[in-house]
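A short worksheet on the structure shown next.
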Amino acid sequence: MSLLEVTNLRTEIDTRQGTIRPVDGVSFSVEAGQTLGLVGESGCGKTLTGLSILRLLPPGGAITGGSVRLDGEELTGLDEPAMRRLRGSRMAMIFQDPMTSLNPVRTIGSQLREAYRIHVGGSRSAATARATDVLGLVGMPRPRERLHDYPHQLSGGMRQRVMIALGLMCEPKLLIADEPTTALDVSIQAQILTLIDDLKSQLSMGVLLVTHDMGVIAEYADRVAVMYGGRMVEQAGVQELFEAPRHRYTKALLAAMPTLELDRGAELATIPGAPPKLLDLAPQCRFAPRCAFAQDDCRRTDPALTTVAPDSDHLHACFHPATEPAVRTEPSVPRTGADEPRGSETLVQLFDVHKRFGLKAQRPFGPRRAVHAVSGVTLSIAAGETLGIVGESGCGKTTIGRMLVGLERPSSGSVTFDGRDLSAQSPAVRRRRRRDLQMMFQDSAAALDPRMTVAALIEEPLVAQGVGTRRERRDTVRELLDAVGLPPEAAQRYPHEFSGGQRQRIAMARALALRPKVIVADEPVSALDVSVQAQILNLMRSLQDRYGQTYVVISHDLSLLKYLADRIGVMYLGRLVELGPSEQVYGAPRHPYTAGLIKAIPLPSAARTGVGPEKSVGLGGELPSAIDPPSGCHFRTRCPLATDRCAVEAPALTAGEGLHAVACHHPLTTELLTPAR
Amino acid sequence: SADDATTSASVSAGGGTLTMGINATPDTLDPGATGLALTLLISFALFDPLVYWLPDGKGGSAFHPGLAESWTISPDASVYTFKLRKGVTFHDGTPFNAAAVKATYDHVVDPRTKSKSGLGALGPYRETKVIDDYTAQIVFSAPNASFLHQQAAGNFGISSPAALTKYGPTGFGNNPVGTGPFTFDSYQTGSQLTLLKNPKYTWGPKALGDGPAKLDKLVFRIVTDDSGRYNALQSGQLQIAMNLPPNNISAAQKSGKYEQLLVPSIGTPLGMPINVAKPPTDDPLVRQAILAAVDQDAMVKSVLYDVYKPAHNVLTPITPGYSESASKVHTYDPDKAAALLDRAGWSVGDGGTRTKNGQKLDLNIILFSGGGLELPTQFVVSELQKVGFAATTSVQPFATAQASFNSGVHNLGSFGYYGADPYLLNIWVNSGAIESGFNWSHYDNPAVDKMIATANATAADATRDRLYQQVGTKLMQDAMFLPLWDVAGAFTLSPKVKNLHQTLNGYLAFHSATVG
Amino acid sequence: MTLFVLRRLGAAVPVVLGITVIAFVLVHVVPGDPAKVILYGANASPEQIAALRQQLGLDLPIWRQYADFAGQLLHGNLGTSFLTQNSVAFELLSRAPSTLVLTAASMLVAILIGVPLGLVAGMRPGSVLDTLARWISFAGVAVPYFFLALLLVLVFSVKLQWFSAIDDGTARSLVLPAVSLGWGYAAILTRLVRGRVIEELRSDYVKAARARGSGDVRVLLRQVLRNSSVPAVTTIGLQFGNILTGAAITEVIFGRAGLGSFLATSITSKNIPVVQGAVVVIGVAYVLINLGVDLLVGAIDPRTRQEARG
Amino acid sequence: MTTDPLSMTVATRTPRPVGIKGLKATIGRAALLVAVLLLVVLLVAPGLLAHVDPVATSDANLRGPSASHLFGTDLLGRDIFSRTVHGARPVLLASLLGVLLATAAGVAIGVLGGVAPRLVNALVMRLVDVFLALPVLLIALILIATAGSGVRSIVLAIGVAFTPGFARVVESSVRRLRRAEYVEAARVFGSTTLRTSWRHLIPNLLTEVVVLGSSAIGWGVLTATTLSFLGLGVRLPAPDWGSDLAAGATNLADAWWLSTFPGLAIMATILLANFAGDHLMRVLDPREGVRFGRLFRPAAVRRSATRDGGDDA
Ligand SMILES: Nc1ncnc2c1ncn2[C@@H]1O[C@H](COP(=O)(O)OP(=O)(O)OP(=O)(O)O)[C@@H](O)[C@H]1O
Ligand SMILES: Nc1ncnc2c1ncn2[C@@H]1O[C@H](COP(=O)(O)OP(=O)(O)OP(=O)(O)O)[C@@H](O)[C@H]1O
Ligand SMILES: [Mg+2]
Ligand SMILES: [Mg+2]
């Protein structure tokens, strides 16, 4: 008997538009001591599946069919008080955003105690003792003292640890972790996931790990369930799934991911279209409209979940499953002109750039403090190249990007464009210069004025710069829309009428409107689903081929940069610690930090999972405060190789012969970390 | 509270607490410094004047010895000699003598006192001479025939010289010490004033009763809201409510549960000064038309519930120098009003409003808020409209309105003045009082100024009254004032309250009052 | 915490300074001569008036007058009432208790009605109770408090004789004025608290608490109540001045001697020093009360403390 | 019967019968429609509703409500119904214009404070703070005492007294908007501050300002009537709710209709203003421009349209 058995579960939500069926006949089971990974694109019903098990449905929501059994006990028939007794004691749930999932006005101690006292009762001191224990268990340093802290006084990673501790207070049998690391950095993500993994075996819990990240699944799940449009489309052991995915959706999903070993020259496979809305669905395979292999039967009936072979535990719901075992069915189309040498003349030059943000003094008349967002970055960007900047959250990536486009002025140092220092020029010249430097923002919903039509948005830079006649501008808009793959009708619509990916296309078109020489793209795809992400990345590359602009791409995702960028700069706490061609930086990192980052990346490849549980946490600890950074080498507090010298002397960014530049006293000499494929 | 307990317990003829609701906050308890007539009501309970002047109950009035047993006036009315009563002590134990009289009058003219109505009423004061301990002489630098009336009106209640020194010219206003039937107990600012019986009081005028006061305690409760006073009277929190609005007076009367006391006041009626300097009211014919167009009797009936008496004069009937004939100069006659306007060249245009040379016959009326003239003015306006006037009325805060009146932007204003002697007309029509005084009619007539001056220099009552009567008639002929009704103190009281006496300024004396 | 207070006090200095300037300037803009106001009824000659103007310093240039005014203020001297010749500080102080009691009582009424009603309504949006609460809150905002006061007196003191019509110093006589003044604010609080409760109930941490097995009541009391009281507290702080002046009419109707009515009459009678003094006192009280509110909010919500620390 | 904006944006706990949902939208729309209609009639031609001259006196004074005088007559025999209808004009005019004035001034000051350099911002906002510390009624009283009486003064009083509150809200919105990415985006392609304010800040403030303004109208009505209740700013004998209410206050026990009808009129106006304001808040999606054609369309239909669009491919 499985720990958790979900059979044919159906959940409906009544809304103003009608009834949504986000969980539509879902079946799976979780064994004790096992992790079931639940993956799927955004909006496919993963979270609601988890919530349905706890029966914590949004207003208007109800379970309308199927069964949920925990340890053999049927939950769907239980009344609310009985469910309440189960929640937090025998099954617990961790939510995505640790920032908002803790009550901001209560200490974490009181929240931990509450969870305990609801179910176990007992004295306050017993609860405190238990809270301290559990905090220790989740790896919180000095747990006793932390009990008096408020959530906002902890870092994101620590908060997520508290969330886990909250879940573990009563030693639940089942832990549902809903995207527990999506809001966190890779390094922290690895720490948290490893922690959950350890706790799982330690407490022999069953874990339902909800995520949209195939890499996470590959490394931390024992079994995988793939959801699409409220339906379960495939289920298999993790190795089996990555080696021989059957459902066309699973296959496409895997193909769309930019992976570290993916050739830079190849174009990413994409899935056209977007997931269905879960409203008034026709009886058909929900993936059929996006599926290249769909046939009439797919559009007539909804395939049921069936086993691949009579006694296999690999299930799928597809009429025309893939049978070929290869990972990539759609051949990666080689990118045209990818190998042509890029121009080498320097277009943009950052020289010893610093940026400090002043903070309020701690005491009145006390010393003013500052965040050193960027401290001493020197960098030149060649025309036509793609430079990637990577690093943990808060290391100053965005600030560099903003200084490049002139949104921020360096506190010291200079940013020159075409050999001229921008800040030294008159405002009028500077404004004209802006034509050459454009920016794409992370959140396209926020970067597009909601009150303007798409046409007005794309045209806006031209108007502001007084370029062209009205007619010419209209033509430009049409051309740009076409270039980014949007229909001309889109011009008269408003941004909110588009999906995230489409909005990013609009933003791209706008950034291109002035035919800039450089486009700074800050996390251009981090808010998007994999399938859409691939579309945008392909688009970015094809546009570069067409218009030849230079990209500065900012991202925390190394695999993405490795795919997209010619060169990669790694930042740590305001400093550039490593800079070189992307293959080299990735293949032979010289800075221990870069090496740690790479190690922390969960990999979806079958090869990797085959290696077994070599899940080493790439980086320990957390990013120190940028207000009082460590002396000498900023990284020394987390560096396994740190020596006394590192505490005294800050290493400079230097390139050895035949090697790319690194700022480290003890650079790594490893030839290649991962074997080339 | 304890007060209420005593009130309900005091059923006997003597003792007990009487609580009266008054309609304004006294500015100070120093009668010499005050600018409010209301303070004089309180001053009659705390202070004695040298000479009382009281109604005789037959529509006339008479002087009674107060702290002075007798007095003489020089023929030119500039020197007043008082023989003082012996054996009188102030509430603080200070003996009363001529020095106290001197201290009192010198206090009024002391600039630090910032005396308001007292200073005005005192006139050309020069000094007080202490002839001996019990003889005081008040000397004026010019004839001042109004003085004997003025000193009786309350502003010049004799004050304890010891207290004046002790508290200083302004501090005395918070710590009044006199010789009256009640002593000052406490004042909760803006809320209530508590007085206690003065057991030693034996020197009151016979007309007001014998010996000490009967009440143990006299409380003046400040309730500025009109309906608030009536409500409190109905809920038993007050035994007397002062100056209720006419509709409540009428309702109280009809209910049969309350008694009504209307105490006529000396001075001017309430009415509207007509600006003789601003068109169109600079034309005497227009002013006469206004006076002919308004039916005061009807107004009193409909708007004032017949509570007060209609007025047709510049003075109230009980004021010395009141002229019967002046009241007949204008009578209600709308046809005549129309004829007058026709004669003045104002012809009826469309909509009934008269015009002349394209100009509308438009009056600018300014009232000050809380002056009680809002509703009556609307009646007046409707009367004026009937004969072809148009009017806009605006209500302004007092200080703002005062500035408007002095600058003369109005055609009609609102005015009512209490004064113990017809000499008050000087304040009101003197050409020197246009820019900063109360001459809100902007009436500039040297002949009238002179007549008033002569009257005030005449000691003989009959001659003086005659002069004032001439002035009154002249003013009415010049139609510089639209009288509306005679001011009177209106007191609605529980039948338990007995033996109240009236004063000439429309107030009450509590010397022998009882509750229950 | 002290740091927070110090910083807030520091920020309040220019505001208080500004209030004194406004107090000074605004009143000088009002037409009408203060000297005439003082000498009202004295039948004063132009010479007397001029002399008084000089004595009051009204002939000095305006900035000198302000300097004198501010200098006096620094010594705690608010001037002398034109009307009574008493010190303004005395006049204000003797009336302050009554107004403070009324203001506090109205706030209490507002909180006692508004917060529970808002909580209950927010717990079950759309329920009968919620509908009722919302109608009450709509009506509360719509009834002018002066009209309500008149009706309350008529019904409860004149007709039913349950409460006294005018203040007699007892707590009983405070009921009607406090209700008439606090009612509108109760309505505002109901709406605010309701909205906030709905929002909080939708928050992730409430969902997380439910996932740990918290029931409705526990969620309401332990999770939502504290957060939801923040708008109530800040609103009361921001509305303090308005409640105080709203007291003006209420005080008149209920025969209470208070600051509100005193201020109103002082403005209309151009009693300059009193208006200046009252403006300064009200302004400073507003600043202080809001400082207190900030502290209270800080105690309720630790994040705001953090923010202030910056 | 949800009229609260917050509860409108989420799905409701239990599915409710369509009838009630429809009714809710209907009430909001009806309130707005009635408000607008009434407003037009009361401001432009009150005579349409009440053809008796509101200032004409008659001998039939103090009559209770009857067929000939719906709301009764006052002391001077004037028709209260007519006075109540005509009395709307000064109150509505004062509160509408006053709020309009405050809105304009508040937006101007707020935008100025929001886009100005730190020093100017500090100066402007400190000044706003100063006025914020002074109670509305106090400012209004002082202004009335200064500017004299009449609707004009009340307009000015409401305008000045409400401005600081508006300015504060607008300023903080501007500061928030200035950090919005689309405003930064405009800076990236070289839009000037003026152009950015005009193209991005003000349009995006508009909804907020409209909502703020409509909710302030109720307060404006209350302030205007409070002032005239105190007898300030009144022009006699023109009808005016506040002063008519005050005039009848002493008659409440014996002639209740004198005060009650103006009182009810004030209540109804504030209630209607609030209903209309709530409806506005609901229909004016902050994501779109203020397009007035939208005001009378059912809210539910419109919202679903945007939602569908939002997630669609
Ligand atoms: N409270 C709600 N009311 C109405 N619809 C909802 C509600 N919550 C979720 N949905 C809908 O249910 C569907 C599934 O939502 P769910 O949150 O389970 O997706 P998910 O797979 O967790 O996506 P994500 O990766 O974005 O978290 C979505 O289409 C969503 O729009
Ligand atoms: N305007 C600002 N005022 C104060 N501090 C700032 C400001 N902008 C950025 N910082 C600080 O500067 C540091 C670097 O910020 P930046 O946004 O450049 O980081 P990032 O690498 O882009 O991080 P993320 O991945 O989270 O976007 C952070 O500590 C941040 O808190
Ligand atoms: Mg989810
Ligand atoms: Mg960033």
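Each chain gets a letter, A, B and so on, in the order the sequences are listed, and its residues count up from 1.
- C:Pro14 and D:Val130 get closest at one heavy-atom pair: O-CG2, 4.4 Å.
- Note: C:Ile249 CD1 to D:Thr226 OG1 = 5.0 Å, rounded to the nearest 0.5 Å.
- To the nearest 0.5 Å, atoms CD1 (C:Ile22) and CD1 (D:Ile139) are separated by 8.5 Å.
- With a 6.0 Å radius and a threshold of 12 heavy atoms from other residues, nucleotides or ligands, C:Leu160 has its CG atom above the threshold.
- Neither the backbone nor the side chain of D:Trp256 comes within less than 4.5 Å of any heavy atom in chain C.
- Of the two parts of C:Ala264, the backbone and the side chain both hold a non-hydrogen atom closer than 4.5 Å to a non-hydrogen atom of chain D.
- No part of C:Val158 comes within reach of chain D, as not one of its non-hydrogen atoms sits under 4.5 angstrom from that chain.
- Looking at C:Ile19, the atoms closer than 4.5 Å to chain D (heavy atoms on both sides) sit in the backbone and in the side chain alike.
- For the residue pair D:Leu264 and C:Phe147, the shortest heavy atom distance occurs at N-CE2, 4.3 Å.
- At a 4.5 Å heavy-atom cutoff, the contact between C:Leu151 and chain D is made by backbone and side-chain atoms alike.
- Taken to the nearest 0.5 Å, the CD1 atom of D:Ile142 stands 4.5 Å off from the CD1 atom of C:Ile267.
- Between C:Leu154 and D:Ala253 the shortest heavy-atom distance is CD1-CB, 3.7 Å.
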Q: Show the numbers, then the answer: is there a side chain to side chain contact (heavy atoms under 4.5 Å, CB included) between C:Thr245 and D:Val136?
A: CA-CA 8 Å; C:Thr245 39; D:Val136 171; over 6 Å; no

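- Of the two parts of C:Leu201, neither the backbone nor the side chain holds a non-hydrogen atom closer than 4.5 Å to a non-hydrogen atom of chain D.
- Shown here for D:Leu271 and C:Ala142, the closest heavy-atom pair between the two residues is CD1-CB, 3.7 Å.
- Not one N or O on the side chain of C:Asn242 forms a donor-acceptor pair closer than 3.5 Å with the backbone of D:Leu137.
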Q. Run the side chain to side chain contact (heavy atoms under 4.5 Å, CB included) check on C:Phe146 and D:Thr225 step by step: do they pass?
A. CA-CA 10 Å; C:Phe146 44 87; D:Thr225 48; 3.9 Å; yes

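- With contacts defined as side-chain heavy-atom distances shorter than 4.5 Å, the pair C:Ile282/D:Leu134 does not qualify.
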**Q.** Test side chain to side chain contact (heavy atoms under 4.5 Å, CB included) applied to D:Leu132 and C:Tyr286, step by step
**A.** CA-CA 9 Å; D:Leu132 216 50; C:Tyr286 175 90; 4.1 Å; yes

Q: Test D:Leu245 against C:Leu150 for side chain to side chain contact (heavy atoms under 4.5 Å, CB included), laying out the working first.
A: CA-CA 10 Å; D:Leu245 198 163; C:Leu150 291 174; 3.7 Å; yes

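- The two atoms that bring C:Val143 and D:Met267 nearest to each other are CA-CG, 3.6 Å, heavy atoms only.
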